[in-house]
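Naming: A, B, ... by sequence-line order, numbering from 1 per chain. Only a predicted model underlies this, so the values are computations on that prediction, with no experimental measurement involved.
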Number of protein chains: 2
Amino acid sequence: MTPEKTVARLSLYRRFLKIAKEDGVDNVYSHQLAEMVRSTPAQVRRDLMILGYNGSPQKGYDVAELIKHIDTFFNTEKIIDVILVGVGNIGRALLSYFRDGKSHIKIIASFDKDETKAGRVINNSRCYAMDDLKNIVAENNVKTAILSVPATDAQSIADILVENGIRGILNFAPTRLKVPSDVFVEDVDITMNMEKVIYFSAGKKK
Amino acid sequence: MTPEKTVARLSLYRRFLKIAKEDGVDNVYSHQLAEMVRSTPAQVRRDLMILGYNGSPQKGYDVAELIKHIDTFFNTEKIIDVILVGVGNIGRALLSYFRDGKSHIKIIASFDKDETKAGRVINNSRCYAMDDLKNIVAENNVKTAILSVPATDAQSIADILVENGIRGILNFAPTRLKVPSDVFVEDVDITMNMEKVIYFSAGKKK
DNA sequence: TTCACACTGTGAATTTTGTAACAAAATACT
DNA sequence: AGTATTTTGTTACAAAATTCACAGTGTGAA
Ligand SMILES: NC(=O)c1ccc[n+]([C@@H]2O[C@H](COP(=O)([O-])OP(=O)(O)OC[C@H]3O[C@@H](n4cnc5c(N)ncnc54)[C@H](O)[C@@H]3O)[C@@H](O)[C@H]2O)c1
Ligand SMILES: NC(=O)c1ccc[n+]([C@@H]2O[C@H](COP(=O)([O-])OP(=O)(O)OC[C@H]3O[C@@H](n4cnc5c(N)ncnc54)[C@H](O)[C@@H]3O)[C@@H](O)[C@H]2O)c1
């Protein structure tokens with residue numbers, strides 16, 4: 001399987017390739033792409049190897065073609081439907097973030113235990129009661145969820161998600177979820193990120 | 001210098017140690033800590049080595065003592081002052097997130113170019129006009145910033161931050177900032193995180 | 001037609017990260 | 001006291017990720 005790091009970088013490459021394409025750039029060299037994402041040419045070429053798409057020594061990589069290959073790799077020619085559970089501060093921010101149609105990721109429904117939220121449309125996405133989760137996930141064959149409930153509730157909600165067929169979770173709660181090995185969890189841990197910044201910027205230890 | 005991964009894990013260990021302490025746990029073994037953070041005992045012991053604090057073979061690690069050593073490592077016995085630029089959707093969520101005094105990270109001021117926000121107190125943190133940034137950063141000797149402005153403005157604001165003595169930036173904009181080598185940038189790239197989830201959960205490729 | 005050039009793709013070398021193994025230490029039991 | 005047990009700290013080993021370095025290639029200038 002492709003290493004996580006490579007997958008992450010491929011996602012980055014594509015973002016910058018799309019910007020370049022908008023700007024009318026037709027082809028890029030590995031060193032240009034490296035410059036864009038603050039990496040190295042060797043790293044870029046190594047990563048692109050796994051796409052099975054070859055650039056040419058003369059023209060570098062065809063931007064449109066490369067984007068297409070990354071799309072294929074991610075299997076995102078089609079829109080990916082996602083649900084979000086926990087329409088609080090961060091949940092609402094995320095709804096707004098993914099609202100712009102630019103992305104191929106679409107939050108088709110959100111859920112909250114707060115009955116006053118359920119039924120309302122928040123940031124273009126209808127908020128449902130937790131009881132509706134089962135049906136909506138099943139009907140839309142949703143496989144991916146964003147989890148933004150308080151840490152105390154994260155595990156129990158994760159259990160419900162898994163039970164209903166969710167296979168991938170983007171988790172914002174500062175907890176380490178326990179899930180079956182065939183479910184992928186990606187933690188977004190902002191406190192940890194912040195502490196890294198503080199550590200590495202203080203004194204800038206070598 | 002301590003590897004990034006280790007620093008990240010030390011932050012995690014501390015979080016769970018604090019929870020354990022709250023629960024009245026006095027000492028932990030490496031395998032218990034590993035269980036909490038979903039890691040391995042060997043990894044835990046290896047990480048803790050760099051703290052220069054030794055557990056005992058019989059009692060494992062003293063929870064309070066270990067927390068203290070991690071605090072020392074992070075140099076966070078004292079409160080760390082941080083500023084935030086860009087009081088939009090995600091900015092407000094972050095203000096709320098760090099608002100609870102539990103953390104040793106404190107957002108002492110936020111900034112926005114929007115004049116209607118400047119002057120108001122949002123989530124316990126006063127929002128200032130950009131013009132005030134220079135003085136507030138200098139007066140409080142702030143070294144760390146959270147950047148949550150639109151991608152189009154991120155680089156120019158980063159330049160201002162660096163100019164005013166900021167040495168570490170937690171960046172939420174989907175851009176790769178160009179900063180001097182003695183400034184540390186940590187990117188929080190949610191689209192990328194989401195794409196990782198989608199990739200690794202789809203079909204669960206091996 | 002040949003040459004010089006600038007770049008790719010990829011094995012090999014290097015560096016980084018994680019895992020396993022085990023001697024040494026502390027306790028409890030006999 | 002001596003022995004069995006448990007867990008640590010550290011070293012040795014393995015795996016993964018990154019970087020190096022260079023042969024191979026199409027292009028255009030001479
Ligand atoms: N706010 C941030 O910037 C931020 C940053 C990083 C991580 N987080 C984490 O994200 C999570 C949410 O943070 P927040 O600031 O949005 O909190 P919040 O309190 O504003 O929102 C939580 C939401 O989840 C809902 N909820 C609670 N229990 C639920 C349950 N069992 N089922 C369904 N919905 C439930 C609540 O009704 C509320 O709407 C927390 O775990 C927090 O630690 C937040
Ligand atoms: N909303 C999310 O959940 C989310 C998630 C990930 C990343 N992001 C990124 O975070 C950034 C902010 O997102 P958002 O959703 O909060 O956007 P937003 O538009 O709600 O907020 C942006 C804020 O920045 C302020 N601002 C704009 N230009 C500025 C400048 N030059 N100087 C000072 N302040 C300025 C605006 O007045 C506004 O208050 C964006 O780069 C976005 O891509 C957002």
From C-beta outward on [X], which listed nucleotide comes closest to its side chain: [options]?
X       : options                : answer
A:Arg45 : C:dG18, C:dC22, C:dT8  : C:dT8
A:Lys5  : D:dG9, D:dT18, C:dT8   : D:dT18
B:Arg46 : D:dA12, C:dT10, D:dT27 : D:dA12

Here the pair of heavy atoms bringing B:Ser148 nearest to B:Ile90 is CB-CG2, 3.6 Å
I want to check one thing: is the phosphate of C:dG9, taken as OP1 and OP2, less than 4.0 Å away from some side-chain N or O of A:Tyr61?
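Yes, because at least one side-chain N or O of A:Tyr61 sits under 4.0 Å from OP1 or OP2 of C:dG9.
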Exercise. OP1, OP2 of C:dG9 versus side-chain N and O of A:Asn54: anything below 4.0 Å?
Worked result: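 For C:dG9, OP1/OP2 do have a side-chain N/O of A:Asn54 under 4.0 Å.
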Taking atom types as modelled, find out whether B:Asp187 and B:Asn171 have a side-chain donor-acceptor pair closer than 3.5 angstrom. yes
Checklist entry - Just checking, any donor-acceptor pair under 3.5 angstrom between side chains of B:Tyr13 and B:Asp47? => result yes
Nearest-Å distance for atom pair [atom1]/[atom2], residues [X] and [N]:
X       : N      : atom1 : atom2 : value
A:Asp47 : D:dA17 : CG    : P     : 11 Å
B:Tyr53 : D:dT8  : OH    : P     : 11 Å
A:Ile50 : D:dA17 : CD1   : P     : 12 Å
B:Arg9  : C:dT19 : CZ    : C1'   : 12 Å
A:Met49 : D:dT19 : CE    : P     : 16 Å
A:Tyr29 : D:dG26 : OH    : P     : 15 Å
B:Leu51 : D:dT10 : CG    : P     : 12 Å
B:His31 : C:dA20 : NE2   : P     : 17 Å

Any base atoms under 4.0 Å from [X], or only sugar-phosphate, or nothing? Heavy atoms, all strands.
X       : result
B:Thr40 : sugar-phosphate
A:Ser30 : sugar-phosphate
A:Gln58 : base
B:Pro3  : sugar-phosphate

Handout entry: 5' precedence on DNA chain D between A:Glu4 and B:Pro41 (nearest-nucleotide basis)
Key =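 The residue whose closest nucleotide sits nearer the 5' end is B:Pro41.
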Item to complete: May I ask you to decide whether B:Lys178 forms a salt bridge with A:Glu35, counting only side-chain N to carboxylate O separations under 4.0 Å?
Response: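 A salt bridge links B:Lys178 with A:Glu35.
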### Task
Go through the steps to decide whether A:Ile70 and A:Leu17 satisfy the test side chain to side chain contact (heavy atoms under 4.5 Å, CB included), and finish with yes or no.
CA-CA 10 Å; A:Ile70 301 179; A:Leu17 286 166; 3.9 Å; yes
